Amino acid sequence: MSPARPHDSSNARPRIAVLAGGIGAARFLRGLLAVPIESDEEPVVTVIGNTGDDITLFGLRVCPDLDTVMYTLGGGVEESQGWGRAEESFVVKEELAAYDASPQWFGLGDRDIATHLLRTEWLHDGVPLSEVTRRLCERWQPGVALLPMSDDRIETQVLVDDPSVGRRSLHFQEWWVRLQASVPALEIVAVGAAVATPAPGVLEAIRDADVVLLPPSNPVVSIGTILQVPGIREALTETNAPVVGVSPIIGGAPVRGMADACLAAIGVETSAAAVGNWYGPDLIDGWLVDESDADAVVKDVVVRARPLFMTDVDATAAIARDALALAHEIGRR
Ligand code: FO1
């Protein structure tokens, strides 16, 4: 990996801070950690994870984006989905259905439930989410420091017009999973974000970084939610580290997920250029787009085009390497 900056011998290991949502970010991180490097330049990667997708079901606290990063980098994710556990069974889910318990639209697997049981027990004992996440990562050894964006409770709600009851808000997961984002979101609100504080280590990771990366996560409900925690956006505009983003939109469509439905809710066109301009030059210095979007223009941001489909770990490592090369080219602010 090309070093993020010329090194003096005192700190050979580049520090990389990554704002992460779920599946796209987890896959990007797996590539980032696979970038071939000189031995003494193993990067120190701190991941700041979105917690706006979190939901409490049957009394259990579920943190989908944190778990997707933890399971993916720890080798336990169900690869075909990008979330949940591999070799999963759903006996508890079947039993709940036998009781006609709801909701049934969010599938909690038996192995996954063990994570939620421990998290819920520790949170109930007053352990902050950041410490809960650190403990869970002791098993999974993801190879990064995984921090929730905040230890305070934040939940994304989606405002919709329901023909039967009129305007109402839904938990993001109900809109995303049960409705498949098929009902237009009139507004997407990260409830609690405005009064939350960044989790311990979050602001320091951004300030002390040699490079900050925004992976191809959902710009609205993942990256956008993290940016709403007071202090985080400011830290990103103040850091001396170059900030490079990777477009989650290729050729006018999201690579996976339904970022287009989220972008429509905030009136942003579903294109690499529009997302880059929405992030803007105060936030990002560089923007990596797919070759099909090579004509993307982002005001006062350096745009580079390269193949962006994360088809396998090697392809993703090449994307991550190019993102780091762009950061190196931009240099410290
Ligand atoms: N996504 C689905 O589409 N269907 C599910 O039943 C589902 C269950 C689920 C359980 C645990 C978990 O951590 C994630 C789960 N997801 C499911 C994915 C989840 O909605 C997304 O990973 C994020 O919230 C969106 O980024």
Side-chain angles (χ1 to χ4, degrees), residues 18-29 47-74 76-94 96-97 101-120 129 132-133 136-137 140 142 146 148-149 154-158 170-183 185 188 190-191 214-226 248 254-263 265 310:
V18 183
L19 273 61
I23 301 161
R27 290 196 168 144
F28 176 80
L29 283 161
V47 177
I48 297 160
N50 170 45
T51 59
D53 291 5
D54 296 2
I55 185 169
T56 297
L57 287 170
F58 305 107
L60 298 181
R61 192 66 180 160
V62 181
C63 299
D65 282 354
L66 296 178
D67 290 349
T68 285
V69 170
M70 182 174 74
Y71 289 156
T72 300
L73 300 185
V77 77
E78 171 45 55
E79 195 60 45
S80 64
Q81 290 171 166
W83 53 266
R85 285 281 283 108
E87 287 130 49
E88 188 58 284
S89 55
F90 292 91
V91 175
V92 171
K93 182 173 179 339
E94 288 157 18
L96 287 167
S102 66
Q104 295 182 30
W105 44 264
F106 197 83
L108 288 179
D110 300 320
R111 294 179 185 276
D112 196 27
I113 284 171
T115 301
H116 311 317
L117 283 168
L118 273 179
R119 177 186 291 122
T120 304
L129 182 59
V132 166
T133 307
L136 294 171
C137 285
W140 292 104
L146 178 56
M149 63 192 191
I154 298 167
E155 284 193 8
T156 299
Q157 293 278 322
V158 178
L170 294 171
H171 188 287
F172 167 77
Q173 292 296 349
E174 183 172 5
W175 181 68
W176 189 261
V177 175
R178 186 171 71 79
L179 299 180
Q180 295 289 303
S182 60
V183 174
I188 298 176
V191 176
L214 304 187
S217 286
N218 186 309
V220 181
V221 295
S222 295
I223 306 291
T225 304
I226 298 171
V255 175
R256 60 174 294 139
M258 300 161 279
D260 45 345
C262 303
L263 288 165
M310 301 191 287

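Each ligand, and each atom within it, is numbered from 1 in the order the structure gives. Small disclaimer: the values here were computed from a predicted structure and weren't measured.
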Could you tell me which atoms of ligand 1, counted from 1 in the order shown, lie closer than 4.0 angstrom to a heavy atom of [X]?
{"X": "Val177", "result": "1 (N), 2 (C), 3 (O), 4 (N), 5 (C), 20 (O)"}
{"X": "Trp105", "result": "6 (O)"}
{"X": "Trp176", "result": "20 (O), 25 (C)"}
{"X": "Asp65", "result": "23 (C), 26 (O)"}
{"X": "Asp53", "result": "23 (C), 24 (O), 25 (C), 26 (O)"}

For the pair [X] (side chain) and [Y] (backbone), establish whether a donor and an acceptor sit closer than 3.5 Å, ignoring hydrogens and angles.
{"X": "His171", "Y": "Asp54", "value": "yes"}
{"X": "Trp140", "Y": "Leu73", "value": "no"}
{"X": "Arg61", "Y": "Arg119", "value": "no"}
{"X": "Asp67", "Y": "Val62", "value": "no"}
{"X": "Ser217", "Y": "Gly21", "value": "yes"}

For [atom], grab the closest protein heavy atom and report residue, atom and distance to one decimal in Å.
{"atom": "atom 16 (N) of ligand 1", "result": "Trp83 CD2, 3.5 Å"}
{"atom": "atom 9 (C) of ligand 1", "result": "Phe106 CZ, 3.3 Å"}
{"atom": "atom 11 (C) of ligand 1", "result": "Asp112 OD2, 3.4 Å"}

Next on the checklist: Checking contacts here: is it the side chain or the backbone of Gln173 that comes within 4.0 Å of ligand 1, counting heavy atoms only? Could be both or neither.
Outcome noted: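 The part of Gln173 near ligand 1 is the side chain, not the backbone.
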
Checklist entry - Can you name the closest pair of heavy atoms from Gly52 and Thr225 and give their distance? => result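 Here Gly52 and Thr225 meet closest at CA-CG2, 4.2 Å.
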
Checklist entry - Within a strict 4.5 Å, meaning less than it, do heavy atoms of the Val158 and Trp176 side chains meet? => result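 Side chain of Val158 against side chain of Trp176, heavy atoms only: no contact under 4.5 Å found.
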
Next on the checklist: With rounding to the nearest 0.5 angstrom, report the CD to CG distance, Glu155 to Asp53.
Outcome noted: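 Atom-to-atom, Glu155:CD and Asp53:CG are 10.0 Å apart.
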
Item to check | ligand 1 contact by Pro64, heavy-atom criterion under 4.0 angstrom | outcome: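 A heavy atom of Pro64 does come that close to ligand 1.
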
Item to check | Polar atom proximity, Gly107 to ligand 1 (N or O, under 3.5 Å) | outcome: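 Looking only at distances, the answer is yes, because the N/O contact criterion of under 3.5 Å is met.
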
